[in-house]
Amino acid sequence: MGDLKEEVRERYAERAREVSEQAKSASCCASGCCGPAQVESNDSTARGLYEVDETSELPEEAVLASLGCGNPTALAELHPGEVVLDLGSGGGIDVLLSARRVGPTGKAYGLDMTDEMLALARENQAKAGVANVEFLKGEIENVPLPDASVDVVISNCVINLSLDKDRVLAEAYRVLKPGGRFAVSDMVYQGDVASVPEQIRRSVEMWGGCIAGALEEHDYIARLERAGFAGAEVVPTTDYREKYGREIEQACGVSLPQDVNLVGAFIRAIKPVS
C-alpha cells in the first residue's frame with residue numbers, strides 16, 4: 001500500500017495519454033489518412049452523468065478523460081461571480097463547466113497532481129477558449145490556495161482516492177469562505193463496511209477504481225462534522241453494486257457482502273459563517 005499514491009497517479013497519467021492518442025487518431029481519420037475513427041464515448045457520459053447540451057461545446061478530450069461518478073457542477077448550484085475549486089480536476093470537464101456557470105466575473109480552479117492530466121486540461125481550456133480558469137499542480141491534502149479564498153469546493157470521485165481523507169476535508173474547510181459550500185460527487189458504501197473483505201479494501205486496482213477507498217455514508221458525514229462543516233448530508237444518486245460487482249469479483253476473488261451496497265452519491269455541507 002506504500003506505493004498506492006504512485007499507482008493512482010500512473011493510472012490517471014495513462015488515462016490522459018490514452019485520451020491524447022485517441023484524439024490524434026480521430027484527427028488523423030478526419031483527414032482521410034486511416035479507417036473509421038476508434039474514439040468511443042467515455043462510459044461516465046454513457047451513464048448519463050452529463051447532459052448532451054453540457055458537453056456538446058467542450059473539447060472531446062475533456063469528456064473522454066472524465067472518470068467521475070456524478071456531475072457536481074450541476075448539483076452544486078453555482079452562481080455568477082463565484083470562485084470554484086475542483087479537487088482532482090483531471091481533464092478539466094468539471095472546471096470548464098463550472099467556469100461557464102460562474103461567468104466572466106467568477107473563476108474556476110482545477111487542482112491535480114498528475115502532469116499528464118494537467119497538460120491535457122490546459123489544452124482543453126485553450127480549445128474551449130475559456131479565460132476564467134486556472135489549473136494548479138498539487139495534492140488535495142495540501143491545497144495551494146489561501147485561507148477563505150473560494151466559494152465552492154467540488155470534486156468528482158477523487159476524495160475516495162486519498163489515504164488521508166480527514167486532511168482533505170480539513171483543507172477544503174480551510175480554503176472555503178465562511179458560508180462556502182462543499183459539494184462533491186463520490187462513491188460511498190451503505191451498510192456494514194467492516195464486513196467488506198480485506199482483499200477488496202487492500203486491492204490497489206480497487207483503490208484506483210474508486211471502490212476500495214470509499215467511505216461508509218455515515219462515516220463521511222461524521223468526518224465532515226469533525227472538520228467543522230455544518231448541514232452535512234449524503235444523497236445517493238447511482239447504484240453501482242450491480243455494475244461493479246463482477247469487476248470486483250474478478251479482480252479480488254471475493255464479492256461484496258450482501259448487506260453492503262456501493263453507490264455514487266452527492267455529498268454536501270456548509271462552512272459556518274461564525
Side-chain angles (χ1 to χ4, degrees), residues 8 12 44 47 49-50 54 65-79 82-99 101-102 108-113 117 121 136 138-143 145 149-177 179-190 207 209-211 213-238 240 262-271:
V8 171
Y12 286 88
S44 67
R47 291 199 299 265
L49 302 180
Y50 296 91
E54 287 185 293
S66 175
L67 293 169
C69 59
N71 183 353
T73 61
L75 296 168
E77 299 180 357
L78 303 177
H79 306 296
E82 289 189 318
V83 178
V84 183
L85 168 64
D86 182 14
L87 300 177
S89 48
I93 184 171
D94 293 316
V95 178
L96 297 176
L97 290 174
S98 295
R101 287 186 166 86
V102 301
Y109 289 101
L111 176 66
D112 206 280
M113 68 176 182
M117 276 295 187
L136 307 170
E139 299 182 352
I140 61 177
E141 298 86 358
N142 188 23
V143 178
L145 286 175
S149 56
V150 303
D151 297 290
V152 187
V153 169
I154 66 171
S155 186
N156 199 346
C157 211
V158 173
I159 293 175
N160 54 16
L161 297 172
S162 175
L163 290 169
D164 192 351
K165 296 175 179 62
D166 289 334
R167 173 71 177 175
V168 176
L169 299 181
E171 280 291 272
Y173 186 90
R174 179 185 67 79
V175 300
L176 278 171
K177 301 173 185 178
R181 309 189 302 283
F182 179 87
V184 311
S185 293
D186 221 335
M187 301 277 261
V188 300
Y189 283 118
Q190 296 176 317
W207 269 93
C210 303
I211 294 170
L215 295 173
E216 190 273 332
E217 57 182 337
H218 297 100
D219 183 24
Y220 212 134
I221 291 174
R223 289 172 187 252
L224 283 165
E225 291 174 345
R226 288 199 299 270
F229 286 99
E233 63 175 337
V234 174
V235 181
T237 56
T238 311
Y240 285 127
L262 179 68
V263 301
F266 181 55
I267 300 99
R268 60 162 65 93
I270 297 173
K271 180 175 180 175

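All heavy atoms count here, side chains included; hydrogens, waters and symmetry mates do not.
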- Task: Taking Asp151 for its side chain and Val83 for its backbone only, find out whether a donor-acceptor pair lies under 3.5 Å.
- Result: yes

- Message: So, applying side chain to side chain contact (heavy atoms under 4.5 Å, CB included) with Cys157, which one of Leu161, Ile159, Asn160 is it?
- Response: Asn160

- Message: Going by salt bridge (charged side-chain N to carboxylate O under 4.0 Å, His left out), name the residues that satisfy it together with Glu217, two or more places apart in sequence or in a different chain.
- Response: none

- Item | ring pair (Phe, Tyr, Trp, His ring centres under 6.0 Å) contacts in which one or both residues fall within residues 152-172, not counting sequence neighbours | none

- Those residues that, when tested against Gln190, pass side-chain hydrogen bond (donor to acceptor under 3.5 Å, both in side chains) (two or more places apart): none

- Note, Ser98 side chain near Ile154 side chain (heavy atom, < 4.5 Å): yes

- Task: Would you please name every residue forming a side chain to side chain contact (heavy atoms under 4.5 Å, CB included) with His218, sequence neighbours left out?
- Result: Glu216

- Who passes side chain to side chain contact (heavy atoms under 4.5 Å, CB included) against Arg167, sequence neighbours left out? Glu141, Asn142, Asp164, Glu171

- Can you name the ring-ring contact (aromatic ring centres under 6.0 Å, His included) partners of Tyr173, sequence neighbours left out? Phe229

- With sequence neighbours excluded, tell me which residues meet salt bridge (charged side-chain N to carboxylate O under 4.0 Å, His left out) with Glu233. Arg268

- Any ring pair (Phe, Tyr, Trp, His ring centres under 6.0 Å) involving residues 151-171? Give me the pairs, sequence neighbours left out, ordered by first then second residue. none

- Query: salt bridge (charged side-chain N to carboxylate O under 4.0 Å, His left out) with Asp219: which residues, sequence neighbours excluded?
  - Reply: Arg223

- Item | Set of side-chain hydrogen bond (donor to acceptor under 3.5 Å, both in side chains) partners for Tyr109, sequence neighbours left out | none

